[in-house]
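Heads up: the structure comes next, in structure tokens.
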Amino acid sequence: MKIPAKIKNYLLKQKIKHEVLEHKTVFTTYDLAQTLKRKLSEVAKTIVVKVDKAHALVVLPASHQVDFKLLKKITGAKQVEIDRENVMVKLFKVKPGALSAFHGKLGKLPVYVDKAVMKAQKIVVQAGSYEQSLHLKSKDFLKAIGGKLGKFAKKK
């Protein structure tokens, strides 16, 4: 499975410099980091969350987990929880494990990025494929997805 044309075209249109990384089939960011021999802090994971009754995406380093109390403050929501995998299939027409933060931008959903993602100058992100990922500057990634930066993750 290759990176979807919609994401590739979006990156080209936005003039976002990136490198496509080919790798064996992986389904998790942990496996992606192991396969590419990268630190977990250099690999960003994307999670679908339910913010009150709406959907949003959160992006954080693979080495971190969501602190729901902090995420509630940032979003101003009364309730925030991880959504079911079948939601991403319905919303984004992607298979579980192939979700990318770019799907939020292209699907006009809010995307929240934890500040810890920005500590790495360059990061690896999933891009809608099990065999290809993107390597790009974290500041370019934030610009490309139009994410709202905040502190809502804690180290595992």
Side-chain angles (χ1 to χ4, degrees), residues 1-21 23 26-30 32-33 36 38-52 54-68 70-77 80-83 85 87-153:
M1 176 199 305
K2 301 280 184 197
I3 294 172
K6 198 174 191 180
I7 292 175
K8 280 199 259 186
N9 293 337
Y10 175 75
L11 291 168
L12 289 172
K13 189 177 174 183
Q14 297 297 315
K15 296 183 175 130
I16 302 294
K17 290 183 182 178
H18 63 281
E19 176 188 359
V20 175
L21 303 176
H23 50 77
V26 295
F27 301 101
T28 67
T29 52
Y30 178 82
L32 180 60
L36 296 176
R38 304 285 171 135
K39 294 178 186 174
L40 288 172
S41 59
E42 296 172 354
V43 178
K45 63 181 172 183
T46 303
I47 301 171
V48 180
V49 293
K50 202 169 194 178
V51 180
D52 289 333
H55 298 285
L57 298 181
V58 294
V59 181
L60 57 156
S63 57
H64 287 59
Q65 60 190 24
V66 177
D67 181 323
F68 289 98
L70 292 175
L71 189 56
K72 278 184 197 178
K73 283 183 186 176
I74 288 171
T75 61
V80 179
E81 60 190 15
I82 292 178
D83 219 334
E85 273 191 344
V87 169
M88 74 177 91
V89 174
K90 281 184 192 173
L91 283 176
F92 307 109
K93 311 285 188 265
V94 298
K95 294 179 181 176
L99 183 65
S100 164
F102 297 103
H103 287 106
K105 175 68 176 178
L106 296 170
K108 296 180 179 34
L109 283 183
V111 180
Y112 298 93
V113 179
D114 188 78
K115 288 181 179 180
V117 170
M118 305 307 287
K119 287 182 181 175
Q121 199 169 25
K122 282 190 150 188
I123 57 171
V124 175
V125 297
Q126 293 170 306
S129 167
Y130 296 127
E131 291 90 25
Q132 293 182 329
S133 298
L134 297 173
H135 189 231
L136 68 166
K137 290 181 181 177
S138 53
K139 66 178 184 174
D140 290 343
F141 172 71
L142 182 65
K143 177 184 159 195
I145 62 167
K148 181 179 180 186
L149 201 56
K151 173 108 178 80
F152 59 84

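The residues of the chain are indexed from 1 along the displayed sequence.
Taking CG from L134 and CD1 from I7, the interatomic distance works out to 7.5 Å, rounded to the nearest 0.5 Å. Considering CG of D140 and CD1 of I145, their distance stands at 11.5 Å, rounded to 0.5 Å. Atom CG of N9 and atom CD1 of I3 lie 11.5 Å apart (nearest 0.5 Å). Note: L70 CG to K72 NZ = 11.0 Å, rounded to the nearest 0.5 Å. Summarising the geometry, atom OG belonging to S138 is positioned 10.5 Å from atom CD belonging to E42; distances are rounded to the nearest 0.5 Å. Here the OG atom belonging to S100 is positioned 12.0 Å from the NZ atom belonging to K6, to the nearest 0.5 angstrom.
Counting only heavy atoms from C-beta outward, the side chains of I82 and F68 approach each other to under 4.5 Å. Within the 4.5 Å cutoff, the side chain of K2 has no heavy atoms near those of the E131 side chain.
Taking all atoms of both residues into account, the shortest heavy-atom contact from K17 to L136 is O-CB, 3.6 Å. Of all the heavy atoms in S41 and A120, the pair that sits closest is O-CB, 4.1 Å. Here the shortest heavy-atom pairing between A153 and L60 reads CB-CD1, 3.9 Å. Counting all heavy atoms, side chain and backbone alike, A44 lies closest to I123 at CB-CD1, 4.3 Å. The minimum heavy-atom distance linking A101 with V111 is given by the pair O-CG2, 4.1 Å. In terms of heavy atoms, G128 sits closest to P4 at O-CD, 3.6 Å.
Within a 6.0 Å radius of CD in Q121, other residues, nucleotides and ligands contribute 12 heavy atoms or fewer. Summarising the local packing, NZ of K151 is surrounded by more than 12 heavy atoms from other residues, nucleotides or ligands at distances under 6.0 Å.
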#### Entry: Pair K45-T28, side-chain contact (heavy atoms from CB on, under 4.5 Å): steps then yes or no
CA-CA 8 Å; K45 63 181 172 183; T28 67; over 6 Å; no

### Query
Given V80 and V66, is the side-chain contact (heavy atoms from CB on, under 4.5 Å) satisfied, shown in steps?
CA-CA 10 Å; V80 179; V66 177; 6.0 Å; no

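No donor-acceptor pair under 3.5 Å is formed between the side chain of T46 and the backbone N or O of V59. Judged purely by atom type and a 3.5 angstrom limit, S133 has no side-chain atom pairing as donor or acceptor with the backbone of V124.
Listed by first then second residue, pairs satisfying ring-ring contact (aromatic ring centres under 6.0 Å, His included) with a partner in residues 111-138 read F27-Y130, not counting sequence neighbours.
Among the candidates V49, V113, L99, I47, the single residue satisfying the side-chain contact (heavy atoms from CB on, under 4.5 Å) test with L57 is L99.
With 3.5 Å as the limit, one finds no donor-acceptor pair spanning the side chains of D114 and H64.
For the ring-ring contact (aromatic ring centres under 6.0 Å, His included) test, residues two or more places apart in sequence or in another chain that qualify with F141 are F102. H18 meets the side-chain hydrogen bond (donor to acceptor under 3.5 Å, both in side chains) test with no other residue; sequence neighbours excluded.
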